[in-house]
Number of protein chains: 2
Amino acid sequence: MSIRNPKQALYEQFSIVAKALGHPLRLEMIEHLAQGGRSVEALAAKLSQPVANISQHLQALRRAGIVSAERDGKFVHYSLADDSVLSAFAAVRGVAERQLAEVDRIVRGYFDARDDMRPVTRDELQTLMRDGLVTLIDVRPKDEFALGHVPGAINVPLGKVRAWSTDAAIGREIVAYCRGPWCVMSFEAVAALRALGHSARRLEDGMPEWKAAGLPVAVVA
Amino acid sequence: MSIRNPKQALYEQFSIVAKALGHPLRLEMIEHLAQGGRSVEALAAKLSQPVANISQHLQALRRAGIVSAERDGKFVHYSLADDSVLSAFAAVRGVAERQLAEVDRIVRGYFDARDDMRPVTRDELQTLMRDGLVTLIDVRPKDEFALGHVPGAINVPLGKVRAWSTDAAIGREIVAYCRGPWCVMSFEAVAALRALGHSARRLEDGMPEWKAAGLPVAVVA
DNA sequence: CTGTCATTCAACAATTCTATTGAATGACGA
DNA sequence: TCGTCATTCAATAGAATTGTTGAATGACAG
């Protein structure tokens, strides 16, 4: 290692963090960990990746101070080290959304086809919920719902949305949310519900953003 | 390229941005560009790097939508594409500051030795300036000062701080700022001024953050 | 103590990133 | 049109990153 002045040393540290964010799989891991802490194996299962691969990426994230590890018996429980990680993710996403034409292309080509309406903002949702005007569904898997969800939301995992919507007597508009602003599941859910004749919209972003905004979070006992 | 679902495609785009931020030299380039747009050659001179190297890194930053290029005669003028780039930089820096022990070590080992006092916040500075209680100096090079500075600030490039402080009749506390929160120059300036018996403090961060906060910026005519 | 199992480590080839060099491009002024 | 000059491109070698494999570690249960 060459001699560095403090300025270069600091830039090097900052670049460690950015470098750690610079891999699609690691970003996906962060989004999953934002739903709640997980073991290596559980995370590997969620992402359909070899355990060793996930373990290595977790090491990389840990070296960058992005995740923290805590041993729990024979498991090692990983979780996001800090809420500032979410802001960094959001900031990077923001640059990409504004500046990369490819993002726009992907969004138009896939997401817009499934949701041509303006999403519901967090503020709007709170008003609608208070006035009892909407049914809020959390389309994430059961385990993620259990770790924390918007108070009043019903857990309807994506695969069960069709069955649920025919069974339940829904007289109100449905609002769906999942892991984050571009989480595919809520788009799919809204598309499926509309195809069945329901009135449905997406929440503008997901659980981690809700929590980061300081809003109340419900946990399954 | 393998077949990707939209989720993976989006993560890949986000990772392009993060990857572009994942190099110390590129971060330094961003901090310089945040002072104002520059040509390839000018930037290369500032960073003491070969022109071709800077050019290539600029291409990388441009592909990631971080900088934008604009031809101006025989020069190509590069500047930050968006203010969101600064928030992304700040967010990454924030994670590093909170989570990486090495950052703390560098800061303690170098910066604290030069400035053991709490920096002046932007709000404080505005009050102090309004009441005429401080002399504000911008210790960046002349060209960067010209592109935008805090109204009321005097440009005293780092190398001229000693001479200036003996010449000028200073009866007030001095506040120094430069390129950003960890810009070495303002630490050096404060250390030099204190060694000469003056009362001096740093502004908590630099010009880009001042501007990003929506505060007024003065430009040399 | 021993077996089991979650996790990590070590080593490898494949790929990507990096800095350097020198040549190519393209805009300006004469 | 021609020379000059800022910038970019192309090619290279060297370094770092990636995913895979299988073995090592370390904690728990019996």
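Note: hydrogens, waters and symmetry copies are ignored here, and every other heavy atom, side chains too, is used. To find a chain, count down the sequence lines: A is the first, B the second, and so on, and within it residues start at 1. The model shown is predicted, which means the values in this text are computed figures rather than measured ones.
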Let me know the distance between [atom1] of [X] and [atom2] of [N], rounded to the nearest Å.
{"X": "Ile54(A)", "N": "dC9(C)", "atom1": "CD1", "atom2": "P", "value": "16 Å"}
{"X": "His23(B)", "N": "dC17(C)", "atom1": "NE2", "atom2": "P", "value": "12 Å"}
{"X": "Asp72(A)", "N": "dC5(C)", "atom1": "CG", "atom2": "P", "value": "18 Å"}

Inset, instruction - Using heavy atoms to find the nearest nucleotide of DNA chain C for Lys19(A) and Arg38(A) separately, return the residue whose nucleotide is more 5′. - result: Arg38(A)
Inset, instruction - Hey, which sits more toward the 5' end of DNA chain C by its nearest nucleotide, Ala52(A) or Gly22(B)? - result: Ala52(A)
Legend entry - DNA chain D: 5'-most and 3'-most nucleotides touching chain B, 4.0 angstrom heavy-atom criterion: dC5(D) to dA11(D)
Inset, instruction - Answer yes or no: does atom NZ of Lys211(A) have more than 12 heavy-atom neighbours from other residues, nucleotides or ligands under 6.0 Å? - result: no
Inset, instruction - Mind listing the closest non-hydrogen atom pair of Ala176(A) and Ala189(A) along with its distance? - result: CB-CB, 4.4 Å
Salt-bridge present ([X], [Y]; N to O < 4.0 Å):
{"X": "Glu209(B)", "Y": "Arg122(B)", "value": "no"}
{"X": "Glu28(B)", "Y": "Lys7(A)", "value": "yes"}
{"X": "Asp167(B)", "Y": "Lys160(B)", "value": "no"}
{"X": "Asp143(B)", "Y": "Arg38(B)", "value": "yes"}
{"X": "Asp205(A)", "Y": "Arg93(A)", "value": "no"}

Inset, instruction - Flag the pair His149(B) / Asn155(B) as yes when at least one side-chain heavy-atom distance between them is below 4.5 Å, and no otherwise. - result: no
Legend entry - Contact nearer the 5' end of DNA chain D, comparing Asn53(A) with Lys74(A): Asn53(A)
Legend entry - Stretch residues 55-67 of chain B: residues that reach within less than 4.0 Å of DNA chain D through a heavy atom: Ser55(B), Gln56(B), Gln59(B)
